Amino acid sequence: MIIGVPSEIKANENRVSMTPYAVCTLVDDGHRVLIQNNAGVKSGFTNDEYTSNGAIIVGTMDEIYNDSEMIVKVKEPQKSEISKIRDSQIIFTYFHFAASKNLTESIMKSNCIAFAYETVQTENKNLPLLVPMSEIAGRLSVHNGAKCLESNQGGRGVLLSGSTGIEPATVTIIGGGIVGSNACRLAAGLGAKVNILDVNMQKLQYLSDVMPPNVTTLFSDKHNIERLLPETDLLIGAVLVVGAKAPNLVTKDMLKSMKKGSVIIDVAVDQGGCVETCKPTTHSNPTYFVDDILHYCVANMPGAVPYTSTMALSNSTIPYIRTIAKHGYEKSIKLHKPLSYGLNIYKGKVTHPGVADTFNLDYTPVSQLFN
């Protein structure tokens, strides 16, 4: 199979979808890998590193899309890329369809085969291609939240850890999954007072067992969220509904109870955000205020640490890429159930229930596609 890796063109996206070492694995399997010129430079990988591992460097994105059977990316295709997608071409990337009806409809019209990293799911409900970026995003949410709390950034001027004789900041995390647990661990390690909320009691019991004493676990409901907001310095939204839009758990009216200069980091922005006042921002212009509350809603947070993120992503995706390249998409879906969950759109048909429900579109189960 011919596999293409284009440069990422989303604003401030510095990752690349494949390391030179992953390229070597695919070439050893007998496939051709096309890398757009300098696609890996911002992640720390040169053209020479790719070619020495068997890649073919091509000059333009048009060549990548024209000559490849499968496109492997990091972020969803941008407007200028969608027109380049060929009929029946495989696109494997983070799509987050539920956050954009326009993207969903555009990919449907392209007649491609769209696999979304974020919905590939194992039998035990793990999300193996979302986990590495969620871990990084969770940790970055605390890094960025701590910075935003500084007065020169517009925050309250509060240090997460506090200081001798001065109480630490209060961090409230909504969602106890991969993002939330990583944010919790880092915030607690810095000495903050941490509240973490989730609707899964089993998950809360686990977090209660493994987290340090400065972490309080709470059931996630409107009452507890409203009760905690007035004392919260840093609020982290870490809610995930696989394939679907995140629910708005913090409304605009609730912001009135928060202290001026408090900070909201909504990691769920990729899926529409769990804070009503959330809107996607970029690394170059990451923040804005609503009712004196500082919002940081960068939709590709791991792009700020592209070397680490690229390594983590490529290590996780390469087994699935190898499977599709070896067997083709149809046989791979039949042989490897996690990939059937990853198929979101197939030649104009929506094949993930979360995407269909979000936009009230017809849903076609993957099981009905192939005999």
Side-chain angles (χ1 to χ4, degrees), residues 22 72 92-98 114-139 141 173-186 196-211 215 217-220 237-247 267-268 270-271 274 302 309 311-327 329-346 350-358 363 365-370:
V72 179
F92 201 16
T93 189
Y94 288 116
F95 276 107
H96 295 289
F97 282 117
F115 287 93
Y117 293 154
E118 69 273 10
T119 63
V120 172
Q121 187 170 319
T122 62
E123 290 183 7
N124 60 359
K125 305 297 183 182
N126 284 339
L127 303 168
L129 306 188
L130 191 61
V131 165
M133 295 304 99
S134 295
E135 289 179 346
I136 292 169
R139 296 171 192 184
S141 70
I173 302 166
I174 305 177
I178 302 299
V179 170
S181 60
N182 275 270
C184 182
R185 189 175 292 111
L186 188 57
I196 185 164
L197 298 86
D198 202 279
V199 294
N200 186 324
M201 289 302 298
Q202 190 173 13
K203 188 176 292 181
L204 289 176
Q205 288 167 355
Y206 170 77
L207 291 169
S208 183
D209 287 342
V210 300
M211 291 298 173
V215 174
T217 58
L218 293 161
F219 187 77
S220 183
V239 176
L240 174 68
V241 181
V242 179
K245 187 182 184 301
V267 186
D270 276 341
Q271 293 289 96
C274 63
S309 297
M311 289 290 290
L313 178 61
S314 187
N315 290 344
S316 300
T317 57
I318 190 61
Y320 298 91
I321 296 168
R322 292 181 75 186
T323 297
I324 296 171
K326 180 179 180 180
H327 299 293
Y329 65 84
E330 184 174 340
K331 190 175 180 181
S332 295
I333 287 170
K334 292 177 180 178
L335 290 174
H336 207 49
K337 194 160 182 70
L339 280 170
S340 69
Y341 294 114
L343 185 64
N344 279 210
I345 295 176
Y346 176 80
V350 177
T351 55
H352 193 284
V355 178
D357 289 345
T358 298
Y363 165 58
V366 174
S367 59
Q368 293 182 10
L369 294 176
F370 314 114

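This is a predicted model, so every value here is computed, not measured. Heavy atoms only: backbone and side chains are in, while hydrogens, waters and symmetry mates are out.
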When you measure from the side chain of Q271 to the backbone N and O of A98, does any donor-acceptor pair fall under 3.5 Å?
no
Indicate the ring-plane relationship of F92 and F115, choosing parallel, tilted or perpendicular according to the 30° and 60° boundaries.
perpendicular
If you take all heavy atoms of A22 and S314, which pair is closest and at what distance?
CB-OG, 3.3 Å
Contacts of A183 that satisfy side chain to side chain contact (heavy atoms under 4.5 Å, CB included) - sequence neighbours left out:
S141, V142, I173, I236
Given I333, which of Y346, Y341, F370 fulfils the side-chain contact (heavy atoms from CB on, under 4.5 Å) condition?
F370
Not counting sequence neighbours, which residues clear side chain to side chain contact (heavy atoms under 4.5 Å, CB included) with A137? List them please.
V267, P302
Would you tabulate the side-chain donor-acceptor contacts of residues 125-136 under 3.5 Å, counting partners in other chains and residues two or more places apart, or write 'none'?
unit_1 : atom_1 : unit_2 : atom_2 : d
N126   : ND2    : N124   : OD1    : 3.3
S134   : OG     : L130   : O      : 2.9

Where do L339 and S332 come nearest, in terms of heavy atoms and distance?
CD1-CB, 3.9 Å
Within this structure, what is the CD-NZ distance for the pair E123 and K337, rounded to the nearest 0.5 Å?
8.0 Å
For a 4.5 angstrom cut-off between non-hydrogen side-chain atoms, does D270 reach Y94?
no
Value for NZ (K331) from NZ (K326), rounded to nearest 0.5 Å, stands at 8.0 Å
All ring pair (Phe, Tyr, Trp, His ring centres under 6.0 Å) counterparts of Y320, not counting sequence neighbours:
H336
Does T217 have any side chain to side chain contact (heavy atoms under 4.5 Å, CB included) partners at least two apart in sequence or in another chain, and if so, which?
I196, L204, L207, S208
Please report the closest heavy-atom contact between S340 and V366, naming both atoms and the distance.
O-CG2, 3.5 Å
If I take atom CG from residue L197 and atom CZ from residue F219, how far apart are they, to the nearest 0.5 angstrom?
9.5 Å
Atom OH of residue position Y363 - does it have more than 12 heavy atoms of other residues, nucleotides or ligands inside 6.0 Å?
yes
So L369 and T351, do their side chains get closer than 4.5 Å, heavy atoms only?
yes
Within-4.5 Å side-chain heavy-atom neighbours: Y329 and L343:
no
Separation between CZ (F97) and OG1 (T358), nearest 0.5 Å, reads 12.0 Å
So which atom in N182 and which in I178 form the shortest heavy-atom distance, rounded to 0.1 Å?
ND2-O, 2.8 Å
Measuring from atom CG of D357 to atom NZ of K245, what distance do you get when rounded to the nearest 0.5 angstrom?
14.0 Å
Residue set satisfying ring pair (Phe, Tyr, Trp, His ring centres under 6.0 Å) with H327, at least two apart, ordered chain then number -> none
Output for pair (M311 CE, S316 OG), nearest 0.5 Å, gives 11.0 Å
Give a yes or no on whether the backbone of G176 and the side-chain of D198 come within a donor-acceptor separation of less than 3.5 Å.
yes
Would L240 and V179 satisfy side-chain contact (heavy atoms from CB on, under 4.5 Å), going step by step from the backbone distance to the final call?
CA-CA 9 Å; L240 174 68; V179 170; over 6 Å; no
